[in-house]
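To keep things clear, I will list the structure first and then write my remarks on it.
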Protein chains: 2
Amino acid sequence: MSDMTSTADAPRSPGRPRSIRADEAIIEATLDLLAEGSTIEALSIEAIAARAGVGKATIYRRWAGKDALLLDALRRLKGVMAKPAGHSVRDDLVLLVGAIGKNVDPRAAKIMPCLVPVVNRSADQFQLYQNIISPRRKLMREVLRRGIDEGVLRADIDVEVTMALLTGPMLIQRVLQWNPDLDEQTLPERVVDAVLEGIRAR
Amino acid sequence: MSDMTSTADAPRSPGRPRSIRADEAIIEATLDLLAEGSTIEALSIEAIAARAGVGKATIYRRWAGKDALLLDALRRLKGVMAKPAGHSVRDDLVLLVGAIGKNVDPRAAKIMPCLVPVVNRSADQFQLYQNIISPRRKLMREVLRRGIDEGVLRADIDVEVTMALLTGPMLIQRVLQWNPDLDEQTLPERVVDAVLEGIRAR
DNA sequence: GCAATACGATACGGGTCAGACTCGTAACGC
DNA sequence: GCGTTACGAGTCTGACCCGTATCGTATTGC
C-alpha cells in the first residue's frame, strides 16, 4: 500500500493496529465492483465501504482518495511477467504473445477495457501505462533481436513494427473481443506463425 | 435523430417548428465536451445544455436520455467507409488498414478510447459495435479472398487471423497510442508489407 | 487499569445532477 | 389575431456522493 506505515523500520506505534483483513476487504471490494461492470468514475468510496463491510473512515485512513486506492487495487491484478525459455524463437514468441492481456485474476478481463480511456487522459497516467508495458516490450524485442542474430529472422525487418504486429491482434481480441469467432486459446500460435511465414504466395 | 418527427410523411404539425440550429448545437456540444476529455458518464445533460446555449427541456424534448443523445452524437463521427480500388491487393490492403480508426472528425481520436469500456457492457452495445465494424471487415475479407483467387496470396492462410493481424496493430496505435515512437502515417504500409512478406529468414 | 489508536456506524454540510416543471417569449398555420 | 408548439432560462425535489466528524466499542503496549 502506498501510504501505510512501512513494515520494517516502524518502532511499533501504540494503540490498536490496523486490521489487515480490512485492507484486503477494501481492495477486494474495489476489484469486485469494477469487475461487476462499474466504471472507474462511477465507483464511489461509499459503495466500496459498504461492499467491504467497512466504515468510510477506514478507507480514508489508508488512502488519500479514490485514485490512490485504485492504483493499489490495480497493482494486485498484474500478472507475473512471462519468462521466455530461450530455446526456440518461435516458442518464445508464442509464450510472450499468449501473455499479452493475460492476468492471473479473472476479474482483469472485465477491468482492462475500463483502463483504456484513462491511459491517454494525462501524461502521468500515460507514463504509468508505459512503465507497465515497456519491460514486456523489451522482452519481446530481445527475442526478436536474438532471432535476427541467429539467422532465424530476416535482418531487414522493422523490429518495432513486428512487435506491434504480434501484440495488436492479441490485444484487440482480449480487450475488445474484436472478432467473437476467433479462438483465444490457439490465437497466439496462429498469430506468431502467420507473422513468421507471411501471407504472400511464393 | 432517433425520435424526431420523420421528415417526409409528416403532415406538418402546427405550432413553432423545432429549431434545427438547436439540434446541431446540442450534438456539437456533446462531441466537444467528450473531445475535451469528459468521460461518457461524467457528461451531464446540464453541461451539454449550458455549452450548447440551450435549455435542458430542449434536450429532453428530443431525446429520451443521455444514451439516446450519445447514440445520435456518435453516429455523426463515423467516417465514410473506404472503397478499395480493386487493382492491387497490396494497395487495397494499405487503404483499408489506413482507414482503421480513422475518422473525418478530428474529435474522434479523443472519443474512441472512451467507447472501449462500453462495447462489452451489454449484448446490445456489443451488437451495435459489431454492426459498425462488420461491413468493414467484410471488405477486407473480400480483398484477401481475391488475393487468394488471383494467386497473390497463399491459399492456405487463415483469413480471419490475417484480418486480426492487419487490424490489431493499427487499432492499438490509434486508440491506445501503444508505441509513441511509431509513425502513424507510414504504419499501414509497413504493417501490410510485413504481413505479406513474413519475418522468417529464407 | 490507562492512554492510544483502530474499528463500524452514522450524521453532517456542501456539492452535482436528473427530470419535471414554470416562466415570458418567439415562430408557425389558419 | 388566435391556437399551438418550441424556445432559453430558471426553479424545485429527490438522489447520490465526498470528505470530515463523532459516536460507542475493540484491541494493543505499558
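Lettering of chains follows the sequences in order, A, B, ..., and the numbering in each one begins at 1.
Rounded to whole angstrom, the span from the CD atom of Glu46(A) across to the C1' atom of dC17(D) amounts to 5 Å. Across the protein-nucleic acid pair, Lys66(B) atom NZ and dG19(C) atom P stand 9 Å apart, rounded to whole Å. Protein atom CD1 of Ile20(B) is 14 Å distant from nucleotide atom C1' of dC28(C), rounded to whole Å. Following rounding to the nearest Å, Ile48(A) (CD1) and dC16(D) (P) show an atom-to-atom distance of 17 Å. Computed from coordinates, the Ile26(B) CD1 to dC7(D) P distance equals 8 Å when rounded to whole Å. Whole-Å rounding puts the Glu41(B) CD to dC17(D) P distance at 13 Å. In this structure, OH of Tyr60(A) is placed 18 Å from P of dT10(C), rounded to the nearest angstrom. Rounded to whole Å, atom C1' of dC17(C) lies 13 Å from atom CD1 of Ile59(B).
In this model, the phosphate group of dC17(D) is approached by a side-chain N or O of Ser44(A) to a distance below 4.0 Å at OP1 or OP2. Using a 4.0 Å cut-off, some side-chain N or O of Arg62(A) falls inside it from OP1 or OP2 of dC7(C). Between Arg18(A) and dC7(C) there is no side-chain polar atom (N or O) within less than 4.0 angstrom of OP1 or OP2.
Checking dT5(C), dC7(C), dT4(D) against every side-chain atom of Thr58(A), the shortest atom distance belongs to dC7(C). The side chain of Arg16(B) lies closest to dA6(D), out of dC17(D), dT5(C), dA6(D).
Of the residues near DNA chain D, Gly65(A) and Ala22(B), the one whose nearest nucleotide (by heavy atom distance) lies more toward the 5' end is Ala22(B). Checking Ala47(A) against Ala57(A), the closest nucleotide of DNA chain D that is more toward the 5' end is the one next to Ala47(A).
Across all strands shown, Lys56(A) has heavy atoms under 4.0 Å from base atoms, whether or not it also approaches the sugar-phosphate. If you check every strand for non-hydrogen atoms under 4.0 Å, Ala49(B) touches nothing. Gly53(A) comes within 4.0 angstrom of the backbone, heavy atoms only, and of no base.
When side chains are defined from C-beta on, Glu28(A) counts as touching Arg76(A), because their heavy atoms get closer than 4.5 Å. A 4.5 Å side-chain heavy-atom check between Ile45(A) and Tyr60(A) finds at least one atom pair inside the cut-off. Contact annotation: the side chain of Ile148(A) approaches that of Val159(A) to within less than 4.5 Å [non-hydrogen atoms, C-beta and beyond].
Of the possible donor and acceptor atoms, none in the side chain of Asn120(A) sits under 3.5 Å from a partner among the backbone N and O of Phe126(A). Lys110(B) places no side-chain N or O within donor-acceptor distance of the main-chain N or O of Leu34(B), the cut-off being under 3.5 Å.
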